[in-house]
Amino acid sequence: MVELDAPLAPLTTLRLGGPARRLVTATTDEDVIAAVREADAAGEPLLVLGGGSNLVIGDAGFAGTVLRIATTGFLLDGTALELAAGEVWADAVARTVDHGLAGIEFLAGIPGSAGATPVQNVGAYGQEVAQSVTEVVAYDRRAGEVVTLSNAECAFSYRHSRFKADPDRYVVLRVRFGLQDNGGLSAPVAYAETARHLGVEPGEPVALRAAFEAVLRLRSGKGMVLDAADHDTWSAGSFFTNPVLTAEQYAAFLALVAGRELTAPAYPAPDGCTKTSAAWLIDKAGFGKGYGSGPATLSTKHTLALTNRGAATAEDLLALAREIRDGVRAAFGVELVNEPVMVGVKL
Ligand SMILES: Cc1cc2nc3c(=O)[nH]c(=O)nc-3n(C[C@H](O)[C@H](O)[C@H](O)COP(=O)(O)OP(=O)(O)OC[C@H]3O[C@@H](n4cnc5c(N)ncnc54)[C@H](O)[C@@H]3O)c2cc1C
């Protein structure tokens, strides 16, 4: 289906931004590939759209083709799962739990499509898709052919992958996962908050459904499960990634907070780096839950979510994001980086 001058705001969870010059909705892999080839042959800018839950679309919209991936397919063979890119991720997770399979249960309730999950290596509550993705089938725009990438070839890291590093090259068609049949048990509970909530020690498994339901409860309490009636969920999820500081940056940060009676969360990260918490930095820099008085404010449930209270423009949201980024830099010398993909705008 092709529409001209099509509004994009309703196709995003932030519900803001301008229209697409051309919007193509594709329901089969063949249609996806044909639309990509047509846009590439015409030298037309292309934006691939899944559930629109990790996008900030500028108020001018997108002067090119937006390709909305609406393919379907949930193929389970033993513990091997293949999802079409257009499958709704949260529904697919629920179905794997119904089948008694572990591996993606802590990723319950995350909005968006299955095809986008490898793009930013979606993760929550100590689990990320990098742990269970076996292969990604994608259309390689540079080679002009369908390729199958192994887990290693996806180059997953924290909220990052080969697909995010090279955004104009791959269109994900299918994602394959290796799940586990643990006799009705979850993967080990990796996150302290979930472990506390479930009354177990980190590292222990729990009943699969108990893990799934605990995650949904915790997420709902933070406005991280979509609910059209709740403006706290009119967001793109976490707006900033947790900063990963080099040893020198971390030492400088500690020197800056010394004497302020502040203890920032700190987690070991690869290459001697330290990951700290963006939510903590934002809060301690003076931007508490609900901060802001305009049409865009922080969520009243979570300092990391920037939200549209109903009539916000992309510029309203970005003005708030810049204020917070600059405030955190001034208070802690740490540069926050946006997690959502910016379309036609910059932070
Ligand atoms: C309330 C809320 C809570 C959230 N919680 C989490 C969380 O806990 N953890 C987390 O990691 N994220 C979270 N997110 C962010 C978001 O849900 C994920 O990043 C999700 O995977 C985005 O999927 P999407 O289909 O909506 O992608 P879109 O927003 O449509 O697109 C995001 C990016 O992926 C690209 N893309 C989409 N589909 C494809 C494809 N098939 N092939 C190639 N590129 C593609 C797009 O071009 C764009 O660059 C949250 C968002 C919201 C609104």
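From a predicted model like this one, the values you see are computed outputs, not experimental measurements. Whatever order the structure lists ligands and atoms in, that order sets their numbers, starting from 1.
- The backbone and the side chain of P111 each have at least one atom closer than 4.0 Å to an atom of ligand 1 (non-hydrogen atoms only).
- When each of D166, D168, D40 is paired with R142, the salt bridge (charged side-chain N to carboxylate O under 4.0 Å, His left out) condition holds for D166 and for no other.
- With distances taken over non-hydrogen atoms, the option nearest atom 25 (O) of ligand 1 out of S113, S235, A90 is S113.
- Here is the list of ligand 1 atoms found below 4.0 Å of a heavy atom in V119: 34 (O), 44 (N), 45 (C).
- Among protein heavy atoms, atom 39 (C) of ligand 1 sits closest to V48 CG1, 3.6 Å.
- For the pair G52 and ligand 1, a heavy-atom separation below 4.0 Å is found.
- A donor-acceptor pair shorter than 3.5 Å can be found between the side chains of T65 and R22.
- Checking only distances, N54 does come within under 3.5 Å of ligand 1, N or O to N or O.
- Between H302, R219, M224, K164, it is R219 that holds the heavy atom closest to atom 8 (O) of ligand 1.
- The proximity of A236 to ligand 1, defined as any non-hydrogen pair under 4.0 Å, is limited to the backbone.
- The shortest N/O to N/O separation between S53 and ligand 1 falls below 3.5 Å.
- Here T13 has side-chain heavy atoms under 4.0 Å from ligand 1, and that is the only part of it that gets that close.
- Among protein heavy atoms, atom 21 (O) of ligand 1 sits closest to V122 CG2, 3.2 Å.
- Within the set I110, V88, V56, the minimum heavy-atom distance to atom 13 (C) of ligand 1 is found for I110.
- Of all the heavy atoms of Q120, the ones lying under 4.0 Å from any atom of ligand 1 belong exclusively to the side chain.
- Aromatic rings of W280 and F240 (six-membered ring for Trp) have centroids beyond the 6.0 Å cut-off, not under it.
- Nearest to atom 7 (C) of ligand 1 by heavy atom, out of G86, G51, G123, is G123.
- Contacts of F163 with ligand 1, taken as heavy-atom pairs under 4.0 Å, are absent altogether.
- With ligand atoms numbered from 1 in the order given, ligand 1 contributes 2 (C), 3 (C), 4 (C), 50 (C), 51 (C), 52 (C), 53 (C) to contacts under 4.0 Å with heavy atoms of G237.
- Of all protein heavy atoms, the one closest to atom 48 (C) of ligand 1 is L55 CD2, 3.8 Å.
- Listed by atom number, the atoms of ligand 1 under 4.0 Å from V171 heavy atoms are 42 (N), 43 (C).
- Evaluated for a side chain to side chain donor-acceptor pair (under 3.5 Å) with Q120, the options H160, E128, E339 yield exactly one hit, E339.
- For ligand 1, the polar-atom distance check against G50 finds a nitrogen or oxygen pair separated by under 3.5 Å.
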